[in-house]
Amino acid sequence: MITNKDLANLMYPNITKSPCDYEKKYPERKLPEGAVVSRFAPSPTGFVHMGSLLTALVAAKVPKDTRGIFFLRIEDTDGKRKVENGIQGIIDDLVNFDIQIDEGVVSESEEKGKYGPYVQTRRKEIYDTYAKYMIENDLAYPCFCTEKELENIRDRQEKNKERIGYYGSFAKCRYLSIDEAYRRIKNGEKYVIRLKSPGNFNKKIEFNDLVRGKMVFPENDIDVILVKSDGIPVYHFAHVIDDHLMRTTHILRGEEWLSSTPVHLQLFEMLKFKAPRYAHLGLVMKIDEDGTRRKLSKRKDPEAAVSYYHERGIPAEAVKLYLMTLANSNFEEWLNQNIDKGIDDFTFNFKKMSMSGSLFDVEKLLNISRNYISRLSKEEVYRGLCAWALEFDNYFYNLIVKYKNYTLDILNIEREQKKPRKDYANYSEIKEQIFYMYDELYNPSDYEWGNISEKQEIIHILDVYMDNYFDVSDKDNWFNKIKELTDDLGYASNMKEYKINPHEYKGSVADISTVLRVAITSKCMTPDLYVIMKLLGKERIQTRLKLLKEKLSL
Ligand code: GLU
């Protein structure tokens with residue numbers, strides 16, 4: 001008589017190991033009480049999406065808070081979704097965002113840690129062993145149904161308004177005799193391996209989702225596919241085996257997996273594995289122009305790709321701070337009260353996660369980034385700017401390296417003080433804001449004149465200023481001289497008085513300062529003009545004014 005064991009041996013003749021061997025090879029981890037082991041388990045489909053970066057951030061944060069382990073596993077069993085250099089792309093994204101892994105995949109060909117391999121296609125023997133075990137123990141069976149047969153089942157279910165799926169009396173191959181299954185495999189028929197689900201749809205299963213609280217679902221009674229006809233496991237099977245053997249305690253994943261959790265819990269039970277805790281994270285959403293909320297899409301939204309932030313020079317830390325505000329509703333308030341602290345100082349709480357997902361708001365992200373950059377030291381901004389420019393603007397990179405100290409002084413304008421200036425939301429916009437500090441970049445065709453725009457008057461103001469009032473020895477002297485110039489030319493140096501009797505003056509000290517500012521920088525809005533002038537120095541200012549006069553006289 002043919003037994004399940006014979007069938008299992010026919011299906012997996014080369015598998016000699018048993019689950020016991022793997023239990024021994026991957027023992028329970030010795031970690032402090034309460035330590036969380038979690039992982040990031042992306043498919044290598046190109047780049048990390050903002051939604052998955054959020055998952056990775058949280059999955060890395062919780063072990064950090066609890067002295068646990070965070071590892072990276074690559075789920076590459078779906079050959080169709082794979083792209084070239086997909087693994088490296090993921091690793092690069094994690095490195096760029098400074099999300100450190102304790103274990104797992106560190107490059108296309110390297111791994112670290114004792115619970116590997118961490119790339120699913122390298123784990124075939126393990127999956128085979130467990131599939132063999134399940135066949136042997138009558139927990140799974142081969143299914144020979146063709147596409148056509150499955151379609152017929154579905155049609156019938158639709159017609160009779162029955163639940164769709166391969167279950168109960170619809171699960172034809174579940175009832176094949178072992179002899180027949182054996183014979184058909186021997187004959188070379190194609191088959192998949194299905195779970196022999198012990199579930200009853202009319203009964204309920206409960207579990208506690210860390211984000212959503214108590215969840216109640218019908219028990220799974222569908223004989224889901226565990227192993228495809230090419231011998232590759234599907235997600236359900238690989239997830240349960242991998243996370244058991246890697247001793248994951250917490251599964252953080254997207255909410256799209258919530259409805260499959262009953263299948264996973266059933267599998268954990270059938271294999272006598274201890275089930276992990278689950279946290280299903282809400283989607284990262286976007287509002288379309290027509291007001292509809294939808295998932296932030298890898299395909300449609302450029303801001304969904306993490307490379308978008310890298311290219312624009314938005315500091316990774318700022319992106320992480322923003323994502324953390326999406327992850328924990330109390331983070332923003334905490335950050336406002338602890339402006340000099342970072343994510344590491346904050347304790348993450350699953351209860352403060354939104355169940356309904358979060359709305360992605362690039363403006364808010366830029367605002368957080370602006371605040372973040374404003375609090376950096378001049379050296380830190382310089383480093384960030386150099387790193388960005390080296391990759392994306394070589395000419396500017398060479399300039400800021402050549403004039404390093406000068407650039408540091410520029411970046412330090414209104415920085416390193418209680419209320420620093422919040423000019424830059426990203427490194428890519430710094431050049432356009434400070435170009436006028438570099439003669440190599442300064443060749444304006446457009447001057448943003450204010451109230452005084454008449455050529456003769458502008459030239460007159462500049463001439464008198466340079467001849468009699470130029471002084472950058474200190475800020476008070478500088479400003480007093482500008483006030484003297486103002487009075488001398490019939491403008492009001494006292495703003496209060498000017499407001500009371502505007503008709504008695506040609507304008508105010510603000511107008512005069514604007515002329516100087518625009519004449520020197522071409523811009524009507526700049527940081528502290530005194531520092532700008534001091535850094536430029538008299539000679540360069542003179543050259544600029546000469547150039548301006550030539551342009552105005554044309
Ligand atoms: N590879 C799965 C995905 O990309 C991972 C889900 C999980 O974390 O278990 O959706």
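Only a predicted model underlies this, so the values are computations on that prediction, with no experimental measurement involved. Start at 1 and go down the list; that is how both ligands and their atoms are numbered. For reference, positions follow the sequence shown, starting with 1.
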Atoms in ligand 1 flagged as close to [X], the criterion being non-hydrogen separation under 4.0 Å:
X    : value
R253 : 7 (C), 8 (O), 9 (O)
S43  : 1 (N), 4 (O)
E75  : 1 (N), 2 (C), 5 (C)
R39  : 7 (C), 8 (O), 9 (O)

Acceptor/donor pairs from residues 162-170 side chains to any protein atom, 3.5 angstrom cut, sequence neighbours excluded:
residue : atom : partner : partner atom : Å
R163    : NH1  : D221    : OD1          : 3.1
R163    : NH2  : D221    : OD2          : 2.9
Y166    : OH   : K172    : N            : 3.4
Y166    : OH   : C173    : N            : 3.1
Y167    : OH   : R163    : O            : 2.7

Quick one: does [X] get an N or O within less than 3.5 Å of an N or O on ligand 1?
X    : answer
Y235 : yes
W257 : yes
I251 : no

Practice item. Kindly say whether the aromatic ring centers of F348 and F346 come within a distance under 6.0 Å. Key: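 For F348 and F346, the ring centres are not under 6.0 Å apart.
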
**Study point:** H264 ring center within less than 6.0 Å of Y235 ring center
**Key:**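 Centroid separation for Y235 and H264: below 6.0 Å.
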
What donor-acceptor contacts under 3.5 angstrom involve side-chain atoms of residues 210-218, with partners at least two apart or in another chain?
residue : atom : partner : partner atom : Å
R212    : NE   : H280    : O            : 3.0
R212    : NH2  : E255    : OE1          : 3.1
R212    : NH2  : H280    : O            : 3.0
R212    : NH2  : M355    : O            : 3.4

Exercise for review: Tell me, please, whether Y118 has R73 positioned over its six-membered ring: NZ or CZ under 6.0 Å from the ring centre and within 45 degrees of its axis?
Suggested key: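 No, cation not above the ring by the 6.0 Å, 45° rule.
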
Review point. For the residue pair Y309 and F360, does the interplanar ring angle fall in the parallel (under 30°), tilted (30 to 60°) or perpendicular (over 60°) class?
Key: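 Perpendicular: the ring planes of Y309 and F360 meet at over 60°.
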
